[in-house]
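Throughout, numbering of the chain's residues begins at 1 and tracks the sequence.
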Amino acid sequence: MNRKLILSIAATAMLSSVDAVAQIAYPKAHKDNTVDVYFGEKVADPYRWLEDDMSAQTAEWVDAENAVTRKYLDNIPMRKNILKRLKETANYEKIGIPFKRQGKWYVYRNNGLQNQSVLYQMDSPTADASKQRVWLDPNALSTDGTVALKGIYFSHNGRYMAYVISRSGSDWEEIYVKDCQTGRDIDDHIVWAKFTGATWLGDGFYYSAYDAPEKGRETSAKNSVQKIYYHKIGTPQSEDQLFFMNPTQPLRFYNVDIDHDEKVMTLNEGGMDNGNNLYVRDLTKPNSQFIQMCSDTRFRYSTVETVGKKMYILTNAGAPKYRLMVADVDRPGYNDWKELVPEGESVLIDVTFADDRMILQYSKDNCNQMYTYTTDGKRIGEIKLPTFGSTSASGMRGQKEVFYSFTSYTMPNTVYSYDLNTDKSTVWAAPKINFRSDDYKTEMMFYTSKDGTRAPLFITYKKGMKLNGRNPLLLYGYGGFNITYSPFFLANYIPFMERGGIYVHAVLRGGGEYGEDWHVAGTKLQKQNVFDDFIAAAEYLINNKYTSSNRLAIQGGSNGGLLVGACMTQRPDLYRVCLPAVGVMDMLRYHKFTIGWNWAPDYGTSDDSKEMFEYLRAYSPLHTLKPGVKYPATLVSTADHDDRVVPAHSFKFAARLQECQAGSAPTLISIGKDAGHGGGKPLAKRLEEQADILSFTLWNMGIKK
């Protein structure tokens, strides 16, 4: 097969004026003759060579595309001012929720523009900043902030703390160990771990890993047969004991958990259908084996606390909006579980044990609620929140100190201490920001989708704004994998809103906002519901004079990138700007890379059946682009180390889009270097990328300042 790439020399000779977008000279991507056959139907894939992200040809194309994109973006006059303002609005102290481990307190803090937050140790939660000691600074692990801290795990005896890191945004993880007495790292080091923590048992821990991938395919090779190992402190990884593997189910995830008393071990098996299996082992009994607790993998089962032999389990089995159950280690089968807190009108999303009580967090219309309960399931009261927003709680059984955080679209993350006895909340840490948040408001409105389904929109803009249909508006959505995108502080959109922009988050089917039924309604042969929802949301905003098609941008990442890609190919007339990030664009081949197979419960695969193949092809963004169509201004974004949604999705989509574009709007791709799917990305990189997005969006809406 001839894979020679012909690159246009004119790619770097673009006109300096970004007004002349029709004359952008894109790199010319070679097309080969690759054809796949699905159920007797031939499907061409002429940009297949771009799947080899390590080849010289692909690297040359990436460099040429980045050169065109950078030239365009750097010539937008407002970009520098937008970046300056983003740095100002990001430059405030960010403080996490304090938590206690082995007699010491810890808290994450970021002084403003640090790439990664720093973990501090303190003797009490009332200690002032001068008495807080740096315990772990991820910024010191790399010169450019590309090493991210993924999690910390203290041993039950308090001697050690394992911490998990990733490099350059990769899903591949490494584990290091700190001696809690000296505060120094010891020699233990684990590599090629993935989707893991460190589950301690004595002076060692369990972790999940895959075999090392073939050299050169670290970010694209399909991962299979996840294994669980036990690592004994002071020994090399080569001596780690293989604890569990299941080669009969190579496309499943496995991890173990152990209670604080080290008497009960659970094994979680995921990656199939929409749920998981749960197994339990009584560590007090010699040579005990795992006993399966449940078997219906349509549902989720999550252990939130173990007290003696009582296991508290959050599940949506028999309760689409979740309920809290109690199981007994001696009789662990699902039929013997007892319901403690039944399903309610809102979705039960989290349970935190605090002293002798529980704090239950619910989601109603995508906004969090918090209630206190006794441990026998009786509701005591409600923790009142300032407005609709998102919460997180921190507490431990037998520990009287309780903390929670709250944030909304106009309010940065604020931490409260909570007195269980008086039901009183006190601000523990509130950031000071360079933004007049009181000048802005968020309203919740409901739109109606194509089939009559209603869902909320969260609309944030400056008070007093005239809704005349001429306002720039950025519509964000996700709609997948039972994920709920709760409100968050819009620091990265302040320059947009200060220029008269409106930010809108649309709740879509496929997410978890209304429970499992809502999720399933946006999966497999019902995935089109998600796109219909997003299109209906856009039409609602236009019809109600929030904006117009000439001032409407749509944005989403990962599954949300698929959302943007599908909606822009189905309704290219509806939007002015499209911003698909790290998107799943090739729905026929997504399951052939890294852990893409894990998305099959939501998407189905092209191998499942002729019906499923035809359904996927009908909305697959790569396959629904058509020559001669005027597509909106589009900025595709991905990263060279994205081993979650491999960059080939965006590469092939961008090449095809540039080939098909019949209008004068720019169709660009930005490929980040030393970056991944998004998690743990350095703040400096995030701000640069956001400046690109906002300036591209506003410029193509005709806003010049």
Side-chain angles (χ1 to χ4, degrees), residues 274 300 314 316 319-322 343-351 359-371 382-393 404-414 440-449 452-461 473-493 502-523 529-538 540-541 544 546 554-560 563-564 602:
N274 290 319
R300 298 189 177 192
L314 185 62
N316 60 0
K321 295 183 179 179
Y322 291 84
E343 180 183 28
E345 293 183 1
S346 301
V347 181
L348 177 56
I349 58 174
D350 197 19
V351 178
I359 297 175
L360 272 61
Q361 297 181 67
Y362 286 86
S363 177
K364 180 181 181 181
D365 294 327
N366 200 47
C367 299
N368 287 9
Q369 304 166 313
M370 301 180 73
Y371 298 94
E382 180 179 3
I383 301 176
K384 299 294 184 180
L385 303 173
T387 181
F388 37 72
S390 305
T391 58
S392 182
Y404 70 89
S405 65
F406 177 84
T407 186
S408 72
Y409 292 111
T410 59
M411 178 180 176
N413 195 65
T414 300
Y440 294 79
K441 70 174 182 178
T442 299
E443 57 187 11
M444 180 170 63
M445 309 295 287
F446 283 82
Y447 70 94
T448 302
S449 192
T453 299
R454 292 178 72 250
L457 294 170
F458 294 88
I459 308 172
T460 305
Y461 58 96
L473 187 148
L474 195 154
L475 174 62
Y476 181 90
Y478 186 79
F481 297 98
N482 203 25
I483 292 174
T484 297
Y485 271 77
S486 300
F488 63 96
F489 180 51
L490 296 173
N492 278 353
Y493 295 91
I502 301 174
Y503 178 90
V504 181
H505 172 232
V507 173
L508 313 170
R509 278 174 284 186
E513 293 85 356
Y514 291 102
E516 183 61 13
D517 292 343
W518 183 261
H519 165 223
V520 172
T523 63
N529 286 336
V530 185
F531 313 137
D532 290 342
D533 290 354
F534 203 50
I535 290 169
Y540 173 93
L541 294 164
N544 286 274
Y546 286 96
I554 55 173
Q555 183 183 26
S558 193
N559 175 74
L563 170 72
V564 173
D602 250 51

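- Contact between G515 and N482 at its shortest, heavy atoms only, is O-OD1, 4.2 Å.
- Contact of the F458 side chain with the T460 side chain is not registered, since no non-hydrogen atoms from C-beta on lie closer than 4.5 Å.
- Atom-to-atom distance recorded for L348:CG and E343:CD is 9.5 Å, nearest 0.5 angstrom.
- Between the side chain of R300 and the main chain of N274, a donor-acceptor pair closer than 3.5 Å is present.
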Name the atoms and distances for all side-chain donor-acceptor pairs under 3.5 Å in residues 405-412, with sequence neighbours left out.
from	atom 1	to	atom 2	distance (Å)
T407	OG1	M411	O	2.7
S408	OG	T410	N	3.4
S408	OG	M411	N	3.2
Y409	OH	H505	ND1	3.4

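- Interatomic distance, S390 OG to N366 CG, rounded to the nearest 0.5 Å: 7.5 Å.
- Using a 3.5 Å distance cut-off with no hydrogens or angles, the side chains of E443 and Y461 do pair a donor with an acceptor.
- When all heavy atoms of A537 and Y447 are compared, the closest pair comes out as N-CD1, 3.8 Å.
- Judged purely by atom type and a 3.5 angstrom limit, N529 uses its side chain to pair as donor or acceptor with the backbone of A521.
- With hydrogens and angles disregarded, a donor-acceptor distance shorter than 3.5 Å links the side chain of D533 to the backbone of R509.
- In this structure the side chain of N559 reaches within 4.5 angstrom of the side chain of Y478, judged on heavy atoms.
- Atom OH of residue Y503 and atom CD1 of residue I459 lie 12.5 Å apart, to the nearest 0.5 angstrom.
- Atom CG of N544 is separated from atom CG of L457 by 9.5 Å, given to the nearest 0.5 angstrom.
- Between E513 and T484 the shortest heavy-atom distance is N-OG1, 3.4 Å.
- Taken from CD1 in I502 to CG in L541, the straight-line distance is 8.0 Å, to the nearest 0.5 Å.
- Using modelled atom types, one finds a donor on one side chain and an acceptor on the other under 3.5 Å when comparing Y514 with D365.
- Between Y322 and the options D350, N316, V351, a side chain to side chain contact (heavy atoms under 4.5 Å, CB included) holds for only N316.
- Nearest heavy atoms, G511 versus W518: O-CD1, 3.4 Å.
- Across all non-hydrogen atoms, the minimal contact from G556 to Y476 is CA-CE1, 3.8 Å.
- The shortest non-hydrogen separation linking S346 to Q369 is OG-OE1, 3.3 Å.
- Rounding to the nearest 0.5 Å gives a distance of 14.5 Å between NZ of K364 and CD1 of I349.
- Inter-residue side-chain proximity for L385 and Y404 is flagged as met; some heavy-atom pair is nearer than 4.5 Å.
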